[in-house]
Amino acid sequence: MKLIKKVLGALMCLVFMLSATGCSSVTNGKRIVRVATMQSETHPEYLGLLKFKEYVEKELGDKYEVQIFPNEILGAAQKAIELTQTGAIDFTIVGTANLETFASVYEIFSMPYLFTSEDAYHEVMNDTDYMNKIFSSTDEQGFRALTWYNAGTRNFYAKKEIDSPEDMKGLKIRVQQSPASVAMCQAFGAAASPMSFGEVYTAIQQGVIDGAENNELALTSNKHGEVAKYFSYNKHQMIPDLLIGNLSFLNGLSKEERKVFYKAAELSNKEECKQWDVQVKEAKKIAQEQMGVKFIDVDVLAFQKKVKGVQESILKDNAQAKPIYDHIQKVNKKYEGKDGE
């Protein structure tokens, strides 16, 4: 009942947002800043957003109040992006896969085995000057990313054990709504089923799909470990989530206000990354001991060989991807033999 009331309240708020002039509102003389996330209140991204809220209100509390809407309350990722475009909400967190239809440059992050180590992944994403060039690619679409959040390595988990690519033949696997992710899944011999993240639990439970691909937190935060008991560390992708903001809102800020919002985004990134490392360890322990999930170390190279064609296809068809791919390969080489992956 509590959840139903929360959802109904949020939907009423959303109706108000969409009907309000300029898609914004003022309460007690303060501009309400709305932030949407697909994750729950315990997830590292939500905790990062609390830091965002805390800093903005500390520095600009007389002008702005930040409201955070978790659990897809304001809609799934694609809807949240559209609302951010129009200014109905001001910020949302989405994966780069959700941005591919808005800027093809983001397809590169869905390339399987783009990064060969988590160290290389972090170095690239923390290179602010380099990433800002990518973040600005959606300016014409009315929004821009401010920072990134760690979403770990993506791996397959299912109702049956997956030890090799051959074990995936004929399985129905939920993937993100990205052509590259679909092609990757098909290269492994599985049937790709793009769907909203919020639908995955029920889909696995009812046998609509056999499994999904994500990180360890999906097992616990989203309870997927209750319905999928095998988690295979094939580490096929490292896809970051991004905090995107409505460009009109950002451009309408004063120089000092803009600095505050960007600093708040930076602080939220640091908090999220810290919380991520802690929660992944906890999630694995809970999944093993309380949910009975079996974690499987597989031959990553065997999976990697299966998707060479997917990598080549992306580079051939997406001219914007090649320079970023080359940049990332240079960073990958710095960490060869260090990570063990």
Side-chain angles (χ1 to χ4, degrees), residues 44 95-97 99-100 103-137 145-156 164-165 175-176 178-188 213-216 232-242 266 269-270 272-274 276-277 280-281 295-341:
T96 54
L99 300 178
E100 292 177 22
S104 61
V105 66
Y106 280 114
E107 184 183 22
I108 189 66
F109 293 102
S110 292
M111 177 185 285
Y113 301 103
L114 172 67
F115 297 98
T116 56
S117 73
E118 291 186 64
D119 286 333
Y121 168 58
H122 282 261
E123 178 169 327
V124 170
M125 297 308 301
N126 283 323
D127 186 344
T128 304
D129 291 338
Y130 189 82
M131 289 306 302
N132 279 338
K133 298 175 185 177
I134 298 175
F135 290 166
S136 65
S137 64
L146 280 73
T147 192
W148 71 286
Y149 296 122
N150 187 17
T153 62
R154 297 184 76 88
N155 307 273
F156 290 112
S164 69
V175 296
Q176 292 184 304
S178 156
S181 292
V182 171
M184 173 195 69
C185 199
Q186 292 172 341
F188 291 136
E213 51 84 41
N214 213 311
N215 53 62
E216 297 92 336
S232 299
Y233 278 115
N234 67 301
K235 304 177 182 179
H236 53 265
Q237 290 167 324
M238 298 179 198
I239 300 179
D241 285 345
L242 302 180
E266 178 187 338
N269 159 265
K270 292 180 179 179
E272 191 275 344
C273 287
K274 181 179 74 174
W276 182 269
D277 291 340
V280 163
K281 291 179 181 178
F295 288 88
I296 306 159
D297 290 316
V298 302
D299 179 5
V300 173
L301 186 59
F303 284 84
Q304 193 170 349
K305 288 178 179 178
K306 288 285 187 179
V307 294
K308 285 293 184 182
V310 178
Q311 295 176 327
E312 293 168 359
S313 178
I314 292 174
L315 295 175
K316 178 182 177 182
D317 298 337
N318 189 338
Q320 291 183 309
K322 187 62 166 61
I324 303 172
Y325 175 84
D326 291 341
H327 172 76
I328 292 172
Q329 296 317 301
K330 291 178 182 178
V331 179
N332 281 338
K333 288 181 179 179
K334 291 171 59 177
Y335 295 98
E336 284 182 357
K338 296 181 181 180
D339 190 89
E341 288 189 27

Asker: Can you name the residues that form a side chain to side chain donor-acceptor pair (under 3.5 Å) with D241, not counting sequence neighbours?
Answerer: none

Asker: Would you please indicate yes or no on a ring centroid separation below 6.0 angstrom for H236 and Y113?
Answerer: no

Asker: Verify side-chain contact (heavy atoms from CB on, under 4.5 Å) between I108 and Y325, making sure each step is shown before the conclusion.
Answerer: CA-CA 7 Å; I108 189 66; Y325 175 84; 3.9 Å; yes

Asker: Any salt bridge (charged side-chain N to carboxylate O under 4.0 Å, His left out) pairs touching residues 313-329, not counting sequence neighbours?
Answerer: K322-D326

Asker: Apply salt bridge (Lys or Arg N to Asp or Glu O under 4.0 Å) to E213 and list each qualifying residue two or more places apart in sequence or on a separate chain.
Answerer: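 Scan of E213 (salt bridge (Lys or Arg N to Asp or Glu O under 4.0 Å), adjacent residues dropped) gives R154.
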
Asker: Please tell me if the side chains of N215 and T153 come closer than 4.5 Å, counting only heavy atoms from C-beta onward.
Answerer: no

Asker: Roughly how far, to the nearest 0.5 Å, is the CE atom of M125 from the SG atom of C273?
Answerer: 9.5 Å

Asker: Drop me the distance from S232's OG to F295's CZ, to the nearest 0.5 angstrom.
Answerer: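 So the gap between those two atoms works out to 10.5 Å.
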
Asker: Measure the spacing between CD of Q176 and OG of S181 and express it to the nearest 0.5 Å.
Answerer: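 Going from the CD atom of Q176 to the OG atom of S181 covers 5.5 Å.
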
Asker: Are the side chains of L114 and Q237 in touch, meaning some heavy atoms are under 4.5 Å apart?
Answerer: no

Asker: Considering residues at least two apart in sequence or located in another chain, which fulfil the salt bridge (Lys or Arg N to Asp or Glu O under 4.0 Å) criterion with K270?
Answerer: E266

Asker: Under 30°, 30 to 60°, or over 60°: which ring-plane class applies to H327 and Y130, parallel, tilted or perpendicular?
Answerer: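 Aromatic pair H327/Y130 classed parallel.
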
Asker: Side chains of F188 and F156, heavy atoms from C-beta outward: is any pair under 4.5 Å?
Answerer: yes

Asker: Quick one: list whatever passes side-chain contact (heavy atoms from CB on, under 4.5 Å) with T96, sequence neighbours left out.
Answerer: Y106, F109, I239, P240, L242

Asker: Whether the Y335 and E123 side chains hold a donor-acceptor pair (N or O, under 3.5 Å, no angle test) is what I'd like checked.
Answerer: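 Distance-only check passes for Y335 and E123.
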
Asker: Identify the two heavy atoms, one from P112 and one from Q311, that lie closest to each other, and give their separation to 0.1 Å.
Answerer: O-NE2, 2.8 Å

Asker: When rounded to the nearest 0.5 angstrom, what is the spacing between CD in Q329 and NZ in K334?
Answerer: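 Going from CD on Q329 over to NZ on K334, the span is 13.5 Å.
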
Asker: Walk me through it: do S110 and M184 pass the test side-chain contact (heavy atoms from CB on, under 4.5 Å)?
Answerer: CA-CA 9 Å; S110 292; M184 173 195 69; over 6 Å; no

Asker: Got a sec, which residues hit ring-ring contact (aromatic ring centres under 6.0 Å, His included) with Y121, two or more places apart in sequence or on another chain?
Answerer: F115, W148

Asker: Restricting to side-chain contact (heavy atoms from CB on, under 4.5 Å), what partner residues turn up for T128, sequence neighbours left out?
Answerer: N132

Asker: Quick one: side chain to side chain donor-acceptor pair (under 3.5 Å) partners of D127, sequence neighbours excluded?
Answerer: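 Counting only residues at least two positions away or on another chain, D127 forms no side chain to side chain donor-acceptor pair (under 3.5 Å).
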
Asker: Measuring from atom CG of L146 to atom CZ of F135, what distance do you get when rounded to the nearest 0.5 angstrom?
Answerer: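 If we round to the nearest 0.5 Å, L146:CG and F135:CZ are 8.5 Å apart.
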
Asker: Which residues pass the side chain to side chain donor-acceptor pair (under 3.5 Å) test with N150, sequence neighbours left out?
Answerer: none

Asker: To the nearest 0.5 Å, tell me how far E216 CD sits from N155 CG.
Answerer: 6.5 Å

Asker: Minimum heavy-atom separation for A321 to I314, with atom names?
Answerer: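 Residues A321 and I314, closest heavy atoms: CB-CG2, 4.3 Å.
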
Asker: Can you sort out the partners of Q186 under side chain to side chain donor-acceptor pair (under 3.5 Å), two or more places apart, ordered by chain and number?
Answerer: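 Per chain and number, Q186 pairs via side chain to side chain donor-acceptor pair (under 3.5 Å) with no residue.
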
Asker: How close do I134 and I324 get, counting heavy atoms only, and between which atoms?
Answerer: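 Here I134 and I324 meet closest at CD1-CD1, 3.9 Å.
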
Asker: Looking only at heavy atoms, which two atoms of A187 and K306 are closest? And how far apart?
Answerer: CB-O, 3.5 Å

Asker: List the residues meeting side-chain contact (heavy atoms from CB on, under 4.5 Å) with D299, not counting sequence neighbours, and say none if there are none.
Answerer: L301, A302

Asker: Identify, with sequence neighbours excluded, every residue that meets side-chain contact (heavy atoms from CB on, under 4.5 Å) alongside Q320.
Answerer: S104, V105, N318

